[in-house]
Amino acid sequence: MGSDTIATSTFPAGKAPQTDESQVTPGAQPESHHQHPTDSVPDLQEMVRIAERKAAEHYDAWLRAKAETENVRRRAEEEIAKARLYAIDKFAAALLPVKDSLEAALATENQTVESLREGVELTLKQLTAALEQFGIKEENPAGNKFDPNRHQAIGMIETDGEPNHVAQVLQKGYLIHERVLRPALVMVSKAKSGS
């Protein structure tokens, strides 16, 4: 080869020759893809401090919420216990005048049968009023269609009337706010054998 021949080097396709940092134009900033690890350490430490502070705040809030929930649960249990113990107090207070009337009737000497009957009738009215005040109503289903949800059949009797109706009431039933407190004891009608 001659001296005037320029030496060429071949580069792989798509690859540019790499420049040496010493060949960079003076005053130009070299590209830096990586920051020094020392620059990110203070930021990480600050982020850890912030995260720890937030975690402590959340934990404190959780502890307070847990304590409040426990207090609410305890108060609710106390209220339920009191309700069980004293739920009947208003009802009992309504019955006390009935007891007073009965005691007064027994304390009265030389009563006639008529005055005793009048006293019992008045006392029964007091008792009925007290029961109704608390939603307790009597059910006397004579002549009504037999309802197994409200009536307890003791037996069946043949009648001229419609079958499967209450022919006779042996003991009245009672409802409390339309729920059966005690079913009525009844005899239920059935068709006569010859019919």
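Remember, it's a predicted structure, so these values are computed and weren't measured experimentally.
Between Val169 and Leu185, the closest side-chain pair of non-hydrogen atoms is not below 4.5 Å. Annotation: side chain of Ile154 is in contact with side chain of Leu170 (closest heavy-atom distance under 4.5 Å). Under the 4.5 Å side-chain criterion, counting only non-hydrogen atoms from C-beta, Ile136 is in contact with Leu181. At least one side-chain heavy atom of His151 sits less than 4.5 Å from a side-chain heavy atom of Glu139.
With sequence neighbours left out, the side-chain contact (heavy atoms from CB on, under 4.5 Å) criterion links Ile157 to Thr159, Ala167, Gln168, Met187. Residues satisfying the salt bridge (charged side-chain N to carboxylate O under 4.0 Å, His left out) criterion with Glu114, sequence neighbours excluded, are absent altogether. The side-chain hydrogen bond (donor to acceptor under 3.5 Å, both in side chains) check on Lys90 picks up nothing, with sequence neighbours excluded. Listed by chain and residue number, nothing satisfies the ring pair (Phe, Tyr, Trp, His ring centres under 6.0 Å) test with Tyr86 (two or more places apart in sequence, or in another chain). Residues forming a side-chain hydrogen bond (donor to acceptor under 3.5 Å, both in side chains) with Thr69 (at least two apart in sequence, or on another chain): none. By the side-chain hydrogen bond (donor to acceptor under 3.5 Å, both in side chains) test, Arg182 is found to be paired with no residue, residues two or more places apart in sequence or in another chain being considered. Residues meeting the side-chain hydrogen bond (donor to acceptor under 3.5 Å, both in side chains) test with Thr108, sequence neighbours left out: none.
Residue pairs satisfying the salt bridge (charged side-chain N to carboxylate O under 4.0 Å, His left out) criterion with at least one member in residues 159-171, sequence neighbours excluded, are listed as follows: Asp160-Lys192. Applying the side chain to side chain donor-acceptor pair (under 3.5 Å) rule to pairs touching residues 93-104 yields Lys99-Glu103, Ser101-Gln126, sequence neighbours excluded.
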Per-pair distances, 0.1 Å, donor-acceptor, side chain in residues 53-62, under 3.5 Å, sequence neighbours excluded:
residue	atom	partner	partner atom	Å
Asp60	OD2	Arg64	NE	3.4
Asp60	OD2	Arg64	NH2	2.2

Please list every donor-acceptor pair under 3.5 Å in which a side-chain atom of residues 172-179 meets a protein atom from a residue at least two apart or in another chain.
residue	atom	partner	partner atom	Å
Lys172	NZ	Glu138	OE1	3.4
Lys172	NZ	Glu138	OE2	3.2
His177	NE2	Phe134	O	3.4
Glu178	OE1	Arg150	NH2	3.4
Glu178	OE2	Lys137	NZ	2.8

Pairs under 3.5 angstrom only: tabulate donor-acceptor contacts from the side chains of residues 74-82 to other protein residues two or more places apart or in another chain.
residue	atom	partner	partner atom	Å
Arg74	NH1	Asn71	OD1	3.0
Glu77	OE1	Arg73	NH1	3.1
Glu77	OE2	Arg73	NH1	2.5

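A salt bridge links Arg117 with Glu121; the closest basic N to acidic carboxylate O contact falls under 4.0 Å.
The minimum heavy-atom distance linking Ala153 with Val188 is given by the pair CB-CG2, 3.7 Å.
More than 12 heavy-atom neighbours from other residues, nucleotides or ligands sit within 6.0 angstrom of CE on Met156.
The backbone N or O of Ala105 lies less than 3.5 Å from a partner atom in the side chain of Gln111, making a donor-acceptor pair.
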